[in-house]
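Residues: numbered from 1 along the sequence shown.
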Amino acid sequence: MKNVSLRADWLLSDIVEKNDLQCYAVCLTGNFATAELQEKLYKTMDAASKHGIPLVNIACKRDMSLSERNNSVAFFRDAADYAKEKSLQFTLETYGVVSRTAKECLRVLEEVDRDTLQICYDTANVWRFAPEFKSAEDLTADFRKLAGVVGFMHLKDFEPETQKIMTIGEGQVDFPAIFKLLTDWQ
């Protein structure tokens with residue numbers, strides 16, 4: 001099975017070797033303006049490369065200052081180069097203040113200006129963190145703006161009235177529209 005995704009802490013603890021797991025992605029979340037998390041990302045990329053895990057996904061924490069946001073994005077330039085050296089796909093998840101919506105994601109991609117950085121679009125996170133989204137059409141329109149830059153997805157449904165992440169089909173995300181766009185983009 002190659003569709004397993006791990007948290008970086010699990011990968012760095014050698015759980016992959018101990019359990020002979022084959023994984024597709026490893027995820028790391030936090031404030032990438034800090035030297036500690038920057039070092040952890042490099043260690044995570046090294047471990048992913050060692051274990052043949054092709055994708056490293058990052059998500060910035062939700063409450064960052066403008067200075068932390070700018071320092072994180074500046075760091076992503078170097079991290080994207082390192083990912084490319086390691087032959088890794090590198091994605092930034094739609095989460096928090098850095099990459100909450102397509103507009104913010106595209107801004108980061110412009111600033112990083114690297115082919116290796118793509119977007120991990122999380123259908124529930126986008127709606128949850130973008131209070132301006134009032135309908136499934138708002139989410140679909142947002143997703144449509146990212147044609148050609150989505151490298152990975154987290155498919156989760158969302159119920160905006162209760163602010164709860166749901167099983168696909170139980171919330172308000174228009175998955176037939178999302179899947180049609182994915183098909184059209186191939």
Side-chain angles (χ1 to χ4, degrees), residues 5-12 25-45 48 55-80 83 89-112 114 116-146 149-168 170-175 178:
S5 175
L6 290 176
R7 292 275 182 208
D9 291 333
W10 297 350
L11 175 63
L12 295 175
V26 61
C27 305
L28 184 59
T29 303
N31 183 348
F32 292 92
T34 67
E36 178 184 340
L37 201 59
Q38 291 174 4
E39 182 179 327
K40 188 173 182 178
L41 178 58
Y42 285 128
K43 286 180 181 177
T44 299
M45 285 194 261
L55 187 140
V56 175
N57 181 53
I58 57 172
C60 291
K61 70 180 205 161
R62 290 180 278 181
D63 54 346
M64 295 175 73
S65 69
L66 180 59
S67 173
E68 289 173 322
R69 179 247 181 244
N70 292 340
N71 289 338
S72 293
V73 173
F75 166 69
F76 297 158
R77 290 183 198 108
D78 293 334
Q89 183 179 0
F90 189 42
T91 58
L92 173 64
E93 187 168 341
T94 50
Y95 187 89
V97 298
V98 172
S99 54
R100 188 179 51 104
T101 65
K103 181 179 178 179
E104 292 158 348
C105 289
L106 292 169
R107 182 174 169 208
V108 170
L109 292 178
E110 272 183 28
E111 291 177 55
V112 172
R114 299 291 191 267
T116 48
L117 183 63
Q118 293 185 307
I119 300 304
C120 171
Y121 200 85
D122 185 310
T123 51
N125 285 352
V126 172
W127 205 339
R128 182 170 61 162
F129 298 128
E132 65 270 26
F133 287 12
K134 304 296 183 206
S135 68
E137 292 80 21
D138 291 341
L139 178 82
T140 303
D142 185 71
F143 183 66
R144 185 176 289 113
K145 295 173 188 173
L146 295 173
V149 297
V150 174
F152 193 56
M153 288 193 69
H154 290 166
L155 298 174
K156 299 182 288 196
D157 218 334
F158 186 70
E159 181 51 57
E161 286 185 27
T162 60
Q163 292 288 300
K164 290 192 177 186
I165 295 173
M166 313 290 286
T167 302
I168 291 178
E170 294 181 5
Q172 297 299 314
V173 175
D174 184 355
F175 282 104
I178 297 293

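- Taking a cutoff of 4.0 Å between a charged side-chain nitrogen and a carboxylate oxygen, R100 and E132 qualify as a salt bridge.
- Nearest heavy atoms, D157 versus E170: OD2-N, 3.3 Å.
- Residues E93 and S99 form no side-chain contact, since every pair of their non-hydrogen atoms from C-beta on lies 4.5 Å or further apart.
- With sequence neighbours left out, the salt bridge (Lys or Arg N to Asp or Glu O under 4.0 Å) criterion links R107 to E111.
- Between G151 and Q89, the shortest heavy-atom distance links the atoms O-NE2, 3.0 Å.
- If you check the side chains of E137 and S135, you find a donor sitting under 3.5 Å from an acceptor.
- Across every non-hydrogen atom of Q118 and V149, the tightest pair is CB-O, 3.3 Å.
- Every salt bridge (Lys or Arg N to Asp or Glu O under 4.0 Å) that E39 has, sequence neighbours left out, goes to K43.
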Q: Start with the C-alpha distance between E159 and Q172, add both sets of side-chain angles, then the distance that settles side-chain contact (heavy atoms from CB on, under 4.5 Å), and finish with yes or no.
A: CA-CA 6 Å; E159 181 51 57; Q172 297 299 314; 3.2 Å; yes
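- The minimum heavy-atom distance linking V108 with F76 is given by the pair CG1-CD1, 4.3 Å.
- No side-chain donor-acceptor contact under 3.5 Å links T94 and N125.
- Across every non-hydrogen atom of N31 and L37, the tightest pair is N-CD2, 3.3 Å.
- L117 approaches L109 most closely through the heavy-atom pair O-CD2, 3.4 Å.
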